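Please read the structure below before turning to the comments.
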Amino acid sequence: MGAVLVIVNLGAIGIFYANSYSQQEDNPELNLNISGSHAVEIVVNDSGVATFISLNYKYPQWRVVRTTLIQDTLYNINGSILQEGSNTWKVEILERPCACSNIKDLYVVEGYVSADTGELLDVSKKTVSEAKYEKTTCSSTSCH
């Protein structure tokens, strides 16, 4: 009976390993040195970002944190190449200052982090009209 349980457990481990290996091949994010959540930490730990957030972000329930993996050449707003042909995390941290029903300004932090090295490549902090972002940025509030 004990030998049967060992064989069943080894078989289950083998199936789990095969599925994990297959998922790694299908999902390049699993092979990155820096995860999306780690990229968020890197952006938030920047001193300028930390100050901006502490001054402007007051309502976590109205906050949206979004990461997007960019697998291409990254340019800054001036058209200069920031990083060529590599994996980069785009981190967006958005928050509304109120839960009112009309379109308001959003506090926006946008950062780019190398998925290979963890280097913070670029970061911007700004206040922009909510109309420039899609409705999903409003999280669970009744923005629109």
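Values in this document were obtained by computation on a predicted structure and should not be read as measured data.
The line from CD of E95 to OH of Y107 is 8.5 Å long, rounded to the nearest 0.5 Å. Here the straight-line distance linking atom CG of N56 with atom CG of L106 works out to 12.0 Å at 0.5 Å rounding. Summarising the geometry, atom CD belonging to E92 is positioned 5.5 Å from atom CD belonging to E110; distances are rounded to the nearest 0.5 Å. Distance check, rounded to the nearest 0.5 Å: OG of S35 to CG of L69 gives 11.0 Å.
Using a 4.5 Å heavy-atom threshold, the side chains of V113 and K90 count as separate. For the pair N87 and I70, the minimum side-chain heavy-atom distance is 4.5 Å or more. Between I93 and R63, the closest side-chain pair of non-hydrogen atoms falls below 4.5 Å. Looking at heavy atoms from C-beta onward, T67 lies in side-chain contact with V40 at the 4.5 angstrom threshold. Two residues are said to be in side-chain contact when any heavy atoms from C-beta on lie closer than 4.5 Å; T88 and L121 meet this criterion.
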Handout entry: From CA spacing to verdict: side-chain contact (heavy atoms from CB on, under 4.5 Å), D116, I34
Key = CA-CA 6 Å; D116 299 320; I34 303 298; over 6 Å; no
Exercise for the section: Determine, step by step, whether Y112 and V43 satisfy the side-chain contact (heavy atoms from CB on, under 4.5 Å) criterion, reporting the C-alpha distance in whole Å, the side-chain angles of both residues, the deciding distance to 0.1 Å, and the verdict. Expected result: CA-CA 8 Å; Y112 294 88; V43 171; over 6 Å; no
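A pairwise comparison of heavy atoms in W89 and G36 identifies CZ2-N, 3.3 Å as the closest pair. Taking both residues in full, the closest heavy atoms of V109 and Y57 are given as N-OH, 3.4 Å, listed atom of the first, atom of the second, then distance.
Not counting sequence neighbours, T68 has no partner by the side chain to side chain donor-acceptor pair (under 3.5 Å) test.
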Quick one: side chains of residues 45-52, donor-acceptor pairs under 3.5 Å with protein atoms, not counting sequence neighbours, listed by atom name and distance.
residue, atom, partner, partner atom, Å
N45, ND2, E41, O, 3.0
D46, OD2, G48, N, 3.2
D46, OD2, V49, N, 3.1
T51, OG1, S47, O, 3.0

